[in-house]
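A note on names: the letters A, B, ... follow the listed sequences, proteins ahead of strands, and every chain is numbered from 1.
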Amino acid sequence: MIKGPKGAPDILPDKSKSIRVIIDKIIKIVENFSYEEIILPIFEHSEVFERTVGEDTDIVEKEMYTFFDKSGRKLSLRPEGTAQTVRAYLENNLKTLTQPAKFFYFGPMFRYERPQKGRFRQFFHFGIEALGDEKPELDVEVISISLQILESLGLKDLSVSLNSIGDIEERNVYKEKLKSFLRTRYSELCDDCKKRLEKNPLRVLDCKKESCINVTKDAPKIIDYLSNESKNHFEKILSMLDDLKIKYEINNRLVRGLDYYNRTVFEVFSSDLGAQNAVLGGGRYDYLSEYLGGDRVPGVGFAMGVERLIMILETKNLLPKNEKNIIFISPLSKEYFEETFKFYIYLGKSDFSVYFPYNFKNIKTSISNALKMNINYMIIYGGDELKNGFLIFKDLKKEEQQLIKIENLSNFLNNYGGF
RNA sequence: GUGGACGUAGCUCAAUUGGUUAGAGCAUCGGACUGUGGAUCCGAUGGUUGCGAGUUCGAAUCUCGUCGUCCACCCCA
């Protein structure tokens, strides 16, 4: 038997339903802040990611699913959503919209990695991007929304890690300073960091090895190398977060693995996720559009790992239950099977959610089946009640039932609610 | 890309350690039970032991390969 590809799990109804409920909730929140959905292709010209995420990043260097189509175009399955959102903005001239233009997206992303807890080869991102404005208020909005989402799902004890990595020139100056500092302590670094030193010195700050943490404790801090503009931007964000009573932690070791970020970067962690503990990450990317050959379009956004979110909710017992708000249409006995079936079709056509027991045996097993399926309502069709023009309506949760006149059924159900 | 654990029915697990025809519970399906709460009883379906080689008189069991799962490194959401 052929199996599904590694790291690409099937999502069955018990979980897909939870995801739907959660995503609907999240969409409601971002729509309240006037973000609109953008649906983008699953694959792009590889260049979109090479030029923005960065040639030297792990994502581009070894994790992209890249292939050539029949005309020789070099394409990649998207590993993330920000770069292509900006590409779409440029291509569709969305600067003609009132700025900032605000979008959300939800869909599968692909990275060729060894699967482990919280990490898959196909996984879902929910993200928002606000393009065309560089005011610090917009950064605050994005951070605030990310926390509101998590709180609305019942997660309380999460806080944001926040940092500013400055603009390109400042960062380049800082990189050189950092490099020369690290060279003086070269022998104390781990083997990985020795390699990182020349290629991507910022990553050394991120190393979890104790010896490296010891070294970088004394390292120059990027905050001290920010331009006045960058510093003001960052400080404005902090003071507004304070005003809004949003909790955060400044982490000057926080650097992100994608090259397009500048100034604000932030992440939200959870200890329930094992080693892959980031549930959400984002930041500002004012230069991304220029990497794609467009005009300057500042932007800020975040992406959230949907599987990781589900995992946290699962361990905290906060996953919405898969309750089916549908009506089990059961014959009273086998002699009513056909008539009940026709009644079921009629109700479904009348826009009610209905289930029909094709394997009907008797009323007792119908009730058992309904309970097993988490169905809360039942209509029983047949018997003396039917002869007198009534149907039996059961509320299985409340454990009560009542007789409804057939011609009043629609009204009754609409008033009862939820169908 | 590196390292470790694992793979028997849809699920949870057996199979006297290499020895007849691979078993059980749950689930599913069928039957019994006058028309009402996950019940009970009877019966059935379900397996090329992930797949492929090798060792052996004999392999679920040992070896190798491969696919997949889980975990960690790395990296990220």
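Counting any heavy atom pair closer than 4.0 Å across all strands shown, Ile380(A) reaches a base atom. Across all strands shown, Leu396(A) has heavy atoms under 4.0 Å from base atoms, whether or not it also approaches the sugar-phosphate. Within the nucleic acid shown, Lys372(A) comes within 4.0 Å of at least one base atom, counting heavy atoms only.
The side chain of Ala278(A) lies closest to A77(B) when the candidates are C67(B), G35(B), A77(B). Between A77(B), C71(B), C76(B), one nucleotide has an atom nearer to the side chain of Asn277(A) than all others, and that is C76(B). The side chain of Ile363(A) approaches U36(B) more closely than any other nucleotide in the set U2(B), U36(B), A77(B). Nearest to the side chain of Arg119(A), among C74(B), G50(B), G35(B), sits C74(B). Between A77(B), G31(B), C71(B), one nucleotide has an atom nearer to the side chain of Lys117(A) than all others, and that is C71(B). Listed nucleotides: A77(B), U69(B), C71(B). Nearest to the side chain of Lys6(A): U69(B).
As a whole-Å value, the separation of Lys62(A) NZ from U2(B) P is 11 Å. Atom-to-atom, CZ of Phe328(A) to P of G37(B) comes out at 14 Å; the value is rounded to the nearest Å. Atom CD of Gln116(A) and atom P of A5(B) are 17 Å apart (whole Å). A straight line from CG of Leu273(A) to P of A72(B) spans 10 Å, rounded to a whole angstrom. One atom, CG of Asp14(A), and another, P of G10(B), lie 17 Å apart when rounded to the nearest Å.
In this structure, Arg78(A) is not positioned above the aromatic face of Phe110(A) in the sense of NZ or CZ being under 6.0 Å from the six-membered ring centre and within 45° of the axis. Both cation-pi conditions hold for Arg296(A) and Tyr287(A): the charged atom is under 6.0 angstrom from the six-membered ring centre and inside a 45 degree cone around its axis.
Annotated as syn: U17(B), whose O4'-C1'-N torsion sits within 90° of 0.
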In residues 340-347 of chain A, what donor-acceptor pairs under 3.5 Å come from side-chain atoms, sequence neighbours left out?
residue: Thr340(A); atom: OG1; partner: Tyr336(A); partner atom: O; Å: 2.6

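The minimum heavy-atom distance between Pro41(A) and Gln84(A), with the atom names listed, is O-NE2, 3.0 Å.
An OP1 or OP2 oxygen of C74(B) is reached within less than 4.0 angstrom by no side-chain nitrogen or oxygen of Arg203(A).
Stem analysis of RNA chain B (at least three stacked-register Watson-Crick or G-U pairs, each with both distances under 3.5 Å) gives B:1-7 with B:67-73, B:10-13 with B:23-26, B:28-32 with B:40-44, B:50-54 with B:62-66.
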- Please test Lys236(A) against Glu137(A) for salt bridge (Lys or Arg N to Asp or Glu O under 4.0 Å), starting from the C-alpha separation and ending with a verdict. CA-CA 8 Å; Lys236(A) 188 81 208 258; Glu137(A) 283 84 352; 3.7 Å; yes
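No hydrogens or angles considered: a donor-acceptor pair under 3.5 Å links the side chains of Glu129(A) and Thr82(A).
Counting atom types as modelled, Glu385(A) pairs a side-chain N or O with a base atom of G35(B) as donor and acceptor under 3.5 Å.
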